Amino acid sequence: MTEETQAFNSALPQHVGIIMDGNGRWAERQGKPRVWGHKKGVDAVRKAVSFCRKLGIPSLTLFAFSSENWRRPEDEVSSLMQLFLFVLQQEVKVLHKNQVRLNIIGDLSRFSPKLQESIAKAQALTAGNTGLTLNVAANYGGRWDIANAAQQLAAQVASGQLQPTDITEQMLSQHIQMHEQPELDLMIRTGGDIRISNFLLWQAAYAELCFLDTLWPDFDDQVFADAIASFVSRERRYGCTGAQIRELAAGSTEGQ
């Protein structure tokens, strides 16, 4: 490994979060139903996972379904649930083969028993994998995450294990989702909106933010590479281009 490659690797984000926005609008522009866009978005997910594996990024978190998404039309929500179940069943073997550990974060209690069972099986199958950790936020909200952590500490106070004055920021952090993984370095949102929509509120405290006009189904290696290049130049003060990032990923693939 050359010194230049080592420098690139040390500058790369260790944890990337993505708000995958724009599926419905992409489909509407094609004259298709909104659910068609969600199906095409699965291809972009595959590309993002593969790209992170090539670069050796340890953690990728994708915002698949927020706690606010239940407000969408009933037929769209139903289609999303069916798609989620289908993708879990179809993709888990590929993830396992490629040493990807699947971790679903969020309040899963509202999902159907069949979907909860599929989630449990997929997580159990991939639990021992040591490559990329793929976190999928489903029925997730940043405020829920913080409130859930606070409830866990409140229960310890109620049982006498803790005093209120014992609670620290670090202690609360240990009860936040994904606390055992690298801190979030880069948050990307596709679709043109400039907000984080209740995604990883605690984790994003020091993350670099990247807002893209690209609709999620059009998110490919080039777009991802440019976003990471922007992160590297902002965060590490060591500039590189999207082409260099792609070359690094290609070099990693050749060495496998």
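Source: prediction; values computed, not measured. The figures that follow rest on heavy atoms only: side chains count, while hydrogens, waters and symmetry mates do not.
Pairing each heavy atom of Leu186 with each of Ala227, the nearest pair is CD2-O, 4.2 Å. Pairing each heavy atom of Ala27 with each of Pro33, the nearest pair is CB-O, 3.1 Å. Looking at every heavy atom in both residues, Phe219 comes nearest to Ala48 through CE2-CB, 4.4 Å. Residues Trp216 and Val45 come closest through the heavy atom pair CZ2-N, 3.7 Å. Across all non-hydrogen atoms, the minimal contact from Asn23 to Gly41 is OD1-CA, 3.8 Å. Residues Asp213 and Gly192 come closest through the heavy atom pair OD1-CA, 3.6 Å.
Distance CG/Leu60 to CD/Gln14: 13.0 Å, rounded to 0.5 Å. In this structure, the separation between CD1 on Ile176 and CG on Asn148 is 8.0 Å, given to the nearest 0.5 Å. How far CD of Glu76 is from CG of Leu80: 5.5 Å, rounded to the nearest 0.5 Å. Expressed to the nearest 0.5 Å, how far CH2 of Trp144 lies from CD of Glu68 amounts to 12.5 Å. We find the NZ-NZ distance between Lys32 and Lys39 to be 10.5 Å, quoted to the nearest 0.5 Å. Considering CZ of Phe86 and CD of Glu91, their distance stands at 8.0 Å, rounded to 0.5 Å.
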Checking side-chain contact (heavy atoms from CB on, under 4.5 Å) for the pair Glu180/Gln174: CA distance, chi angles, key distance, verdict?
-> CA-CA 8 Å; Glu180 77 287 358; Gln174 291 301 306; over 6 Å; no
Between Leu215 and Arg25, is a side-chain contact (heavy atoms from CB on, under 4.5 Å) present by the stated rule, with each step listed?
-> CA-CA 8 Å; Leu215 301 180; Arg25 281 172 287 156; 4.1 Å; yes
Just do the side-chain contact (heavy atoms from CB on, under 4.5 Å) check on Thr190 and Ile19 with the steps written out, would you?
-> CA-CA 6 Å; Thr190 62; Ile19 301 173; over 6 Å; no
Show the numbers, then the answer: is there a side-chain contact (heavy atoms from CB on, under 4.5 Å) between Phe84 and Ser118?
-> CA-CA 10 Å; Phe84 191 13; Ser118 290; over 6 Å; no
Just do the side chain to side chain donor-acceptor pair (under 3.5 Å) check on Ser159 and Gln161 with the steps written out, would you?
-> CA-CA 6 Å; Ser159 66; Gln161 299 176 61; 2.8 Å; yes
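Cluster membership check: Trp26 does not share its hydrophobic cluster with Leu212, using side-chain heavy-atom separations under 4.5 Å among Ile, Leu, Val, Met, Phe, Trp and Tyr. Residues Val42 and Trp36 fall into different hydrophobic clusters, defined by Ile, Leu, Val, Met, Phe, Trp and Tyr side chains chained together at heavy-atom separations under 4.5 Å. At a threshold of 4.5 Å between side-chain heavy atoms, the hydrophobic network of Ile, Leu, Val, Met, Phe, Trp and Tyr places Val77 and Val35 in two separate groups. Linking Ile, Leu, Val, Met, Phe, Trp and Tyr residues whenever their side-chain heavy atoms come within less than 4.5 Å places Leu62 and Phe51 in a single cluster. Two different hydrophobic clusters hold Ile188 and Phe211 under the rule that ILVMFWY side chains link at heavy-atom gaps under 4.5 Å.
Residues Leu115 and Leu88 are in side-chain contact: their nearest non-hydrogen atoms beyond the backbone lie under 4.5 Å apart. The shortest side-chain heavy-atom distance between Ile228 and Pro13 falls under the 4.5 Å cut-off. With a 4.5 Å cut-off on side-chain heavy atoms, Trp202 and Ser173 count as touching. The shortest distance between side-chain heavy atoms of His175 and Gln156 falls below 4.5 Å.
Inspection of the Gln203 and His15 side chains reveals no N or O donor paired with an N or O acceptor under 3.5 Å.
Relative orientation of the Phe199 and Phe63 rings is parallel, given thresholds of 30° and 60° on the angle between their planes.
Checked by atom type and distance alone, the side chain of Asn198 pairs as donor or acceptor with a backbone atom of Arg143 at under 3.5 Å. The main-chain N or O of Leu108 is never found under 3.5 Å from a side-chain atom of Asn139 such that the two would form a donor-acceptor pair. Listed for the Ser79 side chain is a donor-acceptor partner under 3.5 Å among the backbone atoms of Asp75. Judged by distance alone, the side chain of Ser233 and the main-chain N or O of Ser230 form a donor-acceptor pair under 3.5 Å. Side-chain atoms of Asn98 never come within 3.5 Å of backbone atoms of Leu95 as a donor-acceptor pair (strictly under, hydrogens ignored). Judged purely by atom type and a 3.5 angstrom limit, Asp226 has no side-chain atom pairing as donor or acceptor with the backbone of Val223. Put simply, the side chain of Gln123 gets close to the backbone of Ile104: a donor and an acceptor are under 3.5 Å apart.
Under 4.0 Å is where a charged nitrogen must lie from a carboxylate oxygen, and between Lys121 and Glu117 at least one such pair does. Between Arg189 and Asp21 there is a salt bridge, with a side-chain nitrogen of the basic residue lying less than 4.0 Å from a carboxylate oxygen of the acidic one.
Aromatic pair Phe65/Tyr140: ring centres not closer than 6.0 Å.
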Exercise answer: donor-acceptor pairs, residues 125-137 side-chain atoms, under 3.5 Å, sequence neighbours excluded:
residue: Thr126; atom: OG1; partner: Leu102; partner atom: N; Å: 3.0
residue: Thr126; atom: OG1; partner: Ala122; partner atom: O; Å: 3.0
residue: Asn129; atom: OD1; partner: His96; partner atom: ND1; Å: 3.4
residue: Asn129; atom: OD1; partner: Gln99; partner atom: NE2; Å: 3.3
residue: Asn129; atom: ND2; partner: His96; partner atom: ND1; Å: 3.2
residue: Asn129; atom: ND2; partner: Val100; partner atom: O; Å: 2.9
residue: Thr130; atom: OG1; partner: Gln99; partner atom: OE1; Å: 3.3
residue: Asn135; atom: OD1; partner: Asn103; partner atom: ND2; Å: 2.9
residue: Asn135; atom: OD1; partner: Gln181; partner atom: NE2; Å: 2.8
residue: Asn135; atom: ND2; partner: Thr61; partner atom: OG1; Å: 3.0
residue: Asn135; atom: ND2; partner: Gln181; partner atom: OE1; Å: 2.8

